[in-house]
Amino acid sequence: MCGIVGYVGHDAVLPVLLDGLSRLEYRGYDSAGVAFIDQEQVKIRKKKGRIKNLEQALIEDGLLNRLEIHIGIGHTRWATHGAPSDENSHPHLSADGRIAVVHNGIIENYLELKRFLLDLGYEFQSETDTEVVAHLVEHHYHEHNDGDILAAVRRTIADLEGSYALGVLCADHPNQFIAARKDSPLVLGLGESCNYIASDIPAILSHTRRIVIMEDREIAQLTADAIILYDALGQIVTREPLLVTWDSEAAEKGGYEHFMMKEMHEEPKAVRDTVMPRLRENRIRFDSLNLDRAAINQLDRIRIVACGTAAHAGIVGKYIIEELCRIPVEVDVASEFRYRNPIVTDKTLTIIISQSGETLDTLAAMREAKRQGSQILAIVNVVGSSIAREADHVIYTVAGPEIAVASTKAYNTQLAALYLLAFQMAFEIGKIDAKQLEAYLTKMVDLPNLIEETLSHQDIIQRFAAEHFNAHSIFFIGRGLDFALSMEASLKLKEISYIHSEAYAGGELKHGTIALIEEGTLVVCPMTQPQLVDKMISNIREVKARGAVILGILTPECAKAAEVCDQVIELPSVDPLLAPIVAVTPTQLFAYYMTVNKGFDVDKPRNLAKSVTVE
Ligand code: F6R
């Protein structure tokens with residue numbers, strides 16, 4: 001999704017902006033641009049395509065390393081309003097060319113504002129909603145004619161509906177720029193005689209670790225020496241900066257060819273870091289969560305709300321919470337939950353799952369559940385993200401930064417958090433006793449080793465992918481938790497390899513989809529649930545009879561299914577209840593190698609963004 005970087009200081013600004021933008025590349029984008037002040041003029045350069053196109057343009061114009069250009073804002077765009085093009089790229093200029101704006105988010109009332117501005121005689125150069133903001137700032141700036149750009153931005157955002165993170169540069173103010181946010185992330189970075197804005201911390205982490213997270217409706221005025229932060233009422237806000245402890249290297253490839261491969265190899269550590277700090281004396285302790293027996297017993301249901309991979313983690317959560325706690329759990333994708341009038345009461349616990357903590361659909365769904373009186377428990381990876389800040393309780397996953405667009409280690413850690421939660425609740429309400437809890441915890445502690453062992457089989461998967469990467473369509477089938485896992489496996493494959501894929505419950509294929517199975521169709525079957533293996537064997541025979549080729553992913557307890565598989569990936573022995581957290585890894589590796597063989601960009605799949613901050 002779109003990225004923003006801004007800098008004011010004494011160094012050449014353009015290398016800082018390009019460096020920041022390139023660190024946001026992983027979020028997905030289709031064009032990039034910068035605005036800066038040079039000889040009291042706002043200048044912009046913007047290019048469709050990769051950041052290197054922009055860099056080339058800056059080099060050709062002799063601008064890149066010019067020291068006297070020391071204030072600017074930059075943007076990577078992921079098209080929403082208007083196709084990817086030079087014109088639609090950000091920054092956008094006001095009509096008089098003296099104000100430049102970069103924007104993340106969506107201005108929902110932009111057509112209405114555009115009509116208002118057209119009536120005033122403004123002309124538009126692009127199809128974007130953002131250009132409206134540039135003209136509107138100019139309109140307010142001229143209308144009051146007081147030279148107060150901060151006030152003009154404040155008046156502008158009062159007119160806006162929707163979401164925005166904004167950077168605004170004005171030629172009359174060559175030593176300051178303005179930032180504002182609502183429902184789209186923006187942070188302030190405090191440097192030595194310089195200051196920064198960024199939509200995401202990795203963009204500026206190589207320059208500063210001192211970060212202030214802007215809250216909704218705040219505006220900041222940045223100069224090289226100071227940042228003044230104002231709340232919605234115009235009062236000055238004092239907020240201590242966070243000291244970011246993770247390294248910018250954590251957001252770099254560290255010798256791996258792709259972030260996705262690095263992040264899969266980080267799964268054992270991520271699970272360990274998520275589980276271990278919560279275990280004390282054979283019990284589970286969550287710092288900010290007090291779900292005691294009385295609180296759990298009064299719940300009428302649990303709702304899990306999330307998008308994409310996080311929603312798939314939620315489906316595993318449903319299976320295990322219902323199994324262990326016997327409390328009804330419903331899972332919704334966030335974009336549906338919000339608009340389908342779901343039944344939520346003050347007896348509902350809503351579990352929100354999000355890696356980024358900024359997914360707009362998820363954030364909006366969380367607010368809706370909260371509005372209806374539900375307690376909110378968020379399982380989030382990014383500390384200080386919007387969802388983490390607005391939830392009643394947070395369980396942080398400790399996956400570290402996830403850069404590849406395709407989520408891998410975040411999923412394992414979301415599962416780890418859900419398991420801990422399920423065990424804790426089941427224990428509190430007496431569904432499992434201390435001995436059973438301890439046995440589960442011992443197994444949880446062992447999970448990182450099992451994932452490690454699974455990763456060591458990557459060459460078998462690589463070979464298999466080399467034989468099958470030309471497949472047109474691949475099905476995943478499974479039963480019980482293996483069905484939940486299959487959904488995630490299928491998403492991972494299609495999002496990066498662009499191979500059509502679907503996941504079905506093993507028993508469901510024959511109700512229609514089996515018509516698509518023909519000679520050579522690849523069907524992948526995770527089998528980790530011994531009590532269901534005989535049923536799966538029958539389902540496999542059904543598709544094999546129509547010519548399917550079967551890849552089985554089997555625990556030793558399901559080994560008897562090997563006889564109906566054409567190829568087998570062996571998993572280590574794992575408690576069936578915990579199996580998805582281990583069995584997902586080979587399916588991620590499978591997606592990875594299929595994509596590498598096809599020659600596609602593993603980390604930055606087409607049309608996708610890492611953090612989806614639009615509806
Ligand atoms: C798929 C993927 C997406 C995200 C989804 C939610 O690999 O990454 O499906 O899981 O966009 O994102 P978060 O977890 O940041 O809310």
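Note that the numbering runs from 1 along the sequence shown for the chain. Indexing begins at 1, ligand by ligand and atom by atom, following the structure's order.
At under 3.5 Å, a nitrogen or oxygen of V405, whether backbone or side chain, sits near a nitrogen or oxygen of ligand 1. Residue S407 has at least one N or O atom closer than 3.5 Å to an N or O atom of ligand 1. Backbone and side-chain nitrogen or oxygen atoms of S354 are examined, and one is located within less than 3.5 angstrom of a nitrogen or oxygen of ligand 1.
Relative ring orientation between Y440 and F423 is described as parallel, the plane-to-plane angle staying below 30° on a 0-90° scale split at 30° and 60°.
Note: F476 and Y504 fail the aromatic proximity criterion, with ring centroids not under 6.0 Å apart.
Nearest non-hydrogen protein atom to atom 14 (O) of ligand 1 is Q355 N, 2.6 Å. The single protein non-hydrogen atom nearest to atom 13 (P) of ligand 1 is T359 OG1, 3.2 Å, given as residue, atom name and distance. Looking only at heavy atoms of the protein, atom 15 (O) of ligand 1 is closest to S356 OG, 2.6 Å. Atom 3 (C) of ligand 1 has as its closest protein heavy atom T309 N, 4.0 Å. Atom 7 (O) of ligand 1 has its closest protein heavy atom at E495 OE2, 2.5 Å. Counting only heavy atoms of the protein, atom 6 (C) of ligand 1 lies nearest to C307 O, 3.4 Å. From the protein, the heavy atom lying nearest to atom 11 (O) of ligand 1 is V612 CG2, 4.2 Å.
Residue A310 has at least one heavy-atom neighbour below 4.0 Å for each of these atoms of ligand 1: 10 (O), 14 (O). Contact atoms of ligand 1 toward A406: 7 (O) (distance under 4.0 Å to a heavy atom of the residue).
Between I315 and A484, the shortest heavy-atom contact is CG2-CB, 3.8 Å. The two residues H258 and Y592 make their nearest non-hydrogen contact at ND1-OH, 2.7 Å. Of all heavy-atom pairs spanning P448 and R272, the tightest one is CB-NH2, 3.3 Å.
Residue K492 places a heavy atom under 4.0 Å from ligand 1.
The cationic group of R303 does not satisfy the cation-pi geometry with F337, failing either the under 6.0 Å distance to the six-membered ring centre or the 45° limit from the ring axis.
Side-chain atoms of E570 and H457 form no donor-acceptor pair, as typed in the model, at a separation below 3.5 Å.
With hydrogens and angles ignored, the 3.5 Å screen pairs a side-chain donor or acceptor of S501 with a backbone N or O of I474.
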TODO: Output, in order, the C-alpha distance, side-chain angles, deciding distance and verdict of salt bridge (charged side-chain N to carboxylate O under 4.0 Å, His left out) for E488 and K492.
DONE: CA-CA 6 Å; E488 175 54 13; K492 210 59 30 189; 2.9 Å; yes
